[in-house]
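Take a look at the structure set out below.
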Amino acid sequence: MAGILSAIKLREAGYGDFTVYEKADRLGGTWRENTYPGLSCDVPSHLYCYSFALNPEWSHLLSPGAEIQAYFEGVARDYDVNSSVRFGDEVVRCEFGEGRWRIATAAGHHDVVDVVIAATGVLHHPKYPDIAGLDSFGGAMFHSARWDHSVPVEGARVGIIGTGSTAVQIVSAIVDQTDSLTLFQRTAQWIMPVLNPAYSSEELEAFRREPQLLEELHAHLSELFDMFSGAVVDAGSAGAKYIEDSCLANLEDNVADPVLREKLRPDYRAACKRLIVSADFYEAIGRPNAEVVTEAITGVEPRGVRTADGRLHELDILVLATGFQVDAFVRPTSVIGRGGVRLDDTWADRPEAYLSISVPRFPNFFMLNGPNGPVGNFSLIGVAELQIAYILQLVERIRAGDATEIAATGDALAAFEAARIEAAKKTVWATGCRSWYLDDRGIPAAWPWPFARFRAEMAEPKWEDYELRG
Ligand SMILES: Cc1cc2nc3c(=O)[nH]c(=O)nc-3n(C[C@H](O)[C@H](O)[C@H](O)COP(=O)(O)OP(=O)(O)OC[C@H]3O[C@@H](n4cnc5c(N)ncnc54)[C@H](O)[C@@H]3O)c2cc1C
């Protein structure tokens, strides 16, 4: 998503000499790699698309993953992005020296460039759980981002570890095909009841006929999600209360079995963890062949999963819906900045970047969807579009000859981080749950202000926060 966007925007701004490095043999990132049953975006499709490539063909309010993958590949085709992509080769090293970046790939290819834009993703490296005996499992076992479609779920005894958005989507999609479905739950989740209707042929026809409708819809959804962002960054807001009430009513009204309802009742505030949206999860998990297991997992054995109560849950398939290494940003690529400073060392405690874009002493190295940016239940495409417009303003100074090296100053990063951490304490993410938003200190690693503030920050760089050399 971000790499395709960069190529389009660079060319639009008149930069002809750029390369997109993609280690896989296809574009798509997240949407290429995640193909599990039930995958869809959980942000409305008419918002989860580029603002300059609105799509009248979205089939649903929240469209399936395969459609999103096809959309990205279609946009890349329309904008002739592929001709600028070096496929099937991983960037393993970027080293700065004498005002330029030297890039080395796994295949031994070398390039020298003025600017590096890191668009390497956030939810990219699967995280595997640390469970005794995991590798001894005798059935089929795979991470949700590496779904093995050669293994049929029909009639199988399936276990799923994890209860995030992915697990919820998988449960709803496969429960009726399985012999039994066991969901191993460490933490119950709040579920926002969002229906996901297909667009009617009349609606699709109207979208095709009147592009203005798409623009209005995109703008309207943008406003709604701005309101949502305002709610989650203020734990005491009416919006946060509304989210909580909707989730609570969903649980009370749609889980009839009192024992199951208590198992599914979270003990923390709604939206503290990434809010899950689903119209049918409660119905699915209430099926007679489904079970929620809340006992802790003590180990995996050849025949299944053993829990703390001594029970062995016998399984044919074990799905690890255990998420991603969310602090891996850019790594494992070795990035070496001015004076030999290594990104790995700079980020030894945790990743930090001024406005999530620039790291002091790493000149002309800018990130899309970098650390501590706006994550949560809104469109990362909108985020990346604002960021690339900002980055192009930085790069423009180099093109204009004002400088050969641009990086945020250490003071700017320190001030930004201090303000960010202070604001993060007031967000709903800091109200006492364990989530992937939290860093090693328990501080939400996210943009803690309303989205409008992010938009305003991205409008124009504060040049006093940058060091321009050369
Ligand atoms: C299951 C799932 C559902 C999601 N749903 C939503 C949603 O509803 N709304 C939303 O806003 N976001 C959602 N996301 C987040 C999603 O990751 C982003 O929206 C978006 O797709 C990220 O795009 P990206 O280009 O930044 O990163 P990625 O999609 O991760 O792409 C990064 C690309 O860089 C390549 N790459 C990485 N390192 C190197 C290297 N060293 N050399 C060469 N190539 C490299 C990778 O192969 C990959 O193709 C979801 C994520 C997941 C996993």
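Heavy atoms only: backbone and side chains are in, while hydrogens, waters and symmetry mates are out. Read the numbers this way: they start at 1 and go in the same order the structure lists the ligands and their atoms.
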Salt bridge present between [X] and [Y] (N-O < 4.0 angstrom):
X      : Y      : value
Arg100 : Asp114 : yes
Glu396 : Arg399 : yes
Asp439 : Arg441 : yes
Lys9   : Glu385 : no
Arg350 : Asp327 : no
Lys426 : Asp234 : no
Arg208 : Glu57  : yes
Arg86  : Glu22  : no

Checking side chain to side chain contact (heavy atoms under 4.5 Å, CB included) between Gln185 and each of Ile285, Leu264, Val293, which is the one that passes?
Leu264
Identified side chain to side chain contact (heavy atoms under 4.5 Å, CB included) partner of Leu181 from the options Leu315, Val292, Val319, Val171
Val171
Could you work out, for [atom], the closest of [options] by heavy-atom distance?
atom                    : options                     : value
atom 42 (N) of ligand 1 : Thr30, Val91, Asp25         : Val91
atom 21 (O) of ligand 1 : Phe87, Phe72, Tyr48         : Tyr48
atom 44 (N) of ligand 1 : Arg26, Lys23, Arg93, Gln169 : Lys23
atom 14 (N) of ligand 1 : Trp31, Tyr21, Phe324        : Trp31

Would you kindly specify which portion of [X] sits under 4.0 Å from ligand 1, judged on non-hydrogen atoms: side chain, backbone, both or neither?
X      : answer
Met1   : both
Leu368 : neither
Asn34  : side chain
Thr333 : side chain

How far is [atom] from its nearest protein heavy atom, and which residue and atom is that?
atom                    : value
atom 47 (O) of ligand 1 : Glu22 OE2, 2.6 Å
atom 15 (C) of ligand 1 : Leu380 CD1, 3.9 Å
atom 38 (N) of ligand 1 : Thr120 CG2, 3.5 Å
atom 25 (O) of ligand 1 : Ala2 N, 2.8 Å
atom 30 (O) of ligand 1 : Gly121 CA, 3.4 Å
atom 1 (C) of ligand 1  : Tyr36 OH, 3.4 Å

Quick one: which ligand 1 atoms are inside 4.0 Å of a heavy atom on [X]?
X      : answer
Gly29  : 28 (P), 29 (O), 31 (O), 48 (C), 49 (O)
Leu39  : 1 (C)
Leu123 : 51 (C), 53 (C)
Ala119 : 32 (C), 34 (O)
Asn369 : 26 (O)
Ser379 : 11 (O)

Tell me whether Asp42 has any N or O atom under 3.5 angstrom from an N or O of ligand 1.
yes
Tell me if a side-chain donor or acceptor on Gln177 pairs with a main-chain N or O of Val153 at a distance below 3.5 Å.
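No, Gln177 side chain to Val153 backbone: no donor-acceptor pair under 3.5 Å.
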Ser435 side-chain N/O to Lys273 backbone N/O, donor-acceptor pair under 3.5 Å
no
Above 12 or not: heavy atoms from other molecules or residues under 6.0 Å from CZ of Arg455?
yes
